[in-house]
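The structure under discussion appears below in the form of structure tokens.
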Amino acid sequence: MERVFNFSAGPSMLPEEVLKKAQEELLCYGESGMSVMEMSHRSADFEPIIAAAEESLRKVMNIPSNYKVLFLQGGASTQFAAVPLNFLSNHKCADYIVSGQFSKKAAAEAKKYGDIAIAASSAGANPTFSTIPETTRSDFRPDADYVHICYNNTIYGTRFHYIPDTGNIPLIADMSSCILSEPFDVSKFAMIYAGAQKNVAPAGLTIVIVREDLLGNARPDTPAMLDYKLMADNDSMYNTPPCWCIYMAKLVFDWILSIGGLEEMKRRNERKASLLYDYLDSQNYYTAPVDKKCRSMMNVVFVTGDAELDKKFAAEAAAAGLKNLKGHRSVGGMRASIYNAMPYEGVEKLVAFMKKFALENPKGYNV
Ligand code: PMP
């Protein structure tokens, strides 16, 4: 069977070049005589892989030397707990901007550990979470230990169109669905974290990029596995790390470097997103229910306005080799996740399919 265009929100497509390289090296990596999947994480074969992965990521994201890079497990959801456990250290209070399901979950988890305020929320927008709240410095409590945001809202298809000004308060961002999609100034954030399963690697790896001076103040009852300082002191090898995912992540970082880095990645992503949004803006059959200035470059949400038609769309698109276009169960409609590895051709095919579907299914007649 031919490979399809997979619009899944994650796990999602990986670059074909990366999959081929992994295939080449699958049985026998270099001179090791074994697969990376079979290697001891403490072996002379694996240690250069994790070191090279970190070096490549530092280069790709231009990560300043006063930041630690951690390769962890547990997904982004585990960081929802690890963040307050590690950083609610001075005043035991933190502020969250709630712009979707994941920031809502992050705030709810943090509430178990301290005084958490919702500094701003777009839950009340119509449709809910279809925009990003505007904030100024005065929205944050001066004694907050940190401010937390979710930079790109995978489910609702929005993203921050600005970096909140938090003054001296450390800003922490969940970048699960936008990391590596464009250049970010890491120094503007105290910490960035991301589950790998969208733009980085197979599921099972979580990337944490954290400013060194914030480490070492975790609550005494913090589980060892959630203590960033312990993980940093052990170079992400306190226990067995997700070795295969780290290897795959390294291949992805190297692939991004080989195409020209994050500037080129951004150019490609903008080109793909524009193709889809420009089409959505040019017609009346589909609606993009998101505030224009906050449109995600990674997750494009659209609806026909008719739940039965939406269902038919997703089913017929899948049959045409355009898979996983059904929107999240809490939103309905369609969602095209067009992460780094989605080729331009995939979006061209999607737009062509959308045009054909609209012609073949006039509203009010066919359902
Ligand atoms: N944050 C965002 C923005 C996400 O998209 C997701 C998952 N889709 C999560 C957090 C949760 O990630 P995980 O499944 O790795 O825990």
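Both backbone and side-chain heavy atoms feed into the values below; hydrogens, waters and symmetry mates do not. In what follows, residues are counted from 1 in the order of the sequence shown. Counting convention: from 1, in listed order, for ligands and their atoms alike.
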### Query
For Val4, what are the other residues in its hydrophobic cluster, where any two members join if their side-chain heavy atoms are less than 4.5 angstrom apart?
Met1
### Query
If you count only heavy atoms, which residues are under 4.0 Å from ligand 1?
Gly75, Ala76, Ser77, Phe80, Phe102, Cys150, Asn152, Thr154, Asp174, Ser176, Ser177, Gln197, Lys198
### Task
For atom NZ of Lys292, decide whether the heavy atoms of other residues, nucleotides or ligands shown that lie under 6.0 angstrom number more than 12.
no
### Task
Measure up the Tyr151 and Phe189 rings against each other and bin them: parallel (under 30°), tilted (30 to 60°), perpendicular (over 60°).
perpendicular
### Query
What is the ring orientation for Phe313 with Phe302, classed by angle as parallel under 30°, tilted 30 to 60°, or perpendicular over 60°?
perpendicular
#### Entry: Lys/Arg-Asp/Glu bridge criterion (N-O < 4.0 Å) met for Lys21, Asp254
no
### Query
For the side chain of Lys59 and the backbone of Leu257, is there at least one donor-acceptor N/O pair under 3.5 Å apart?
no
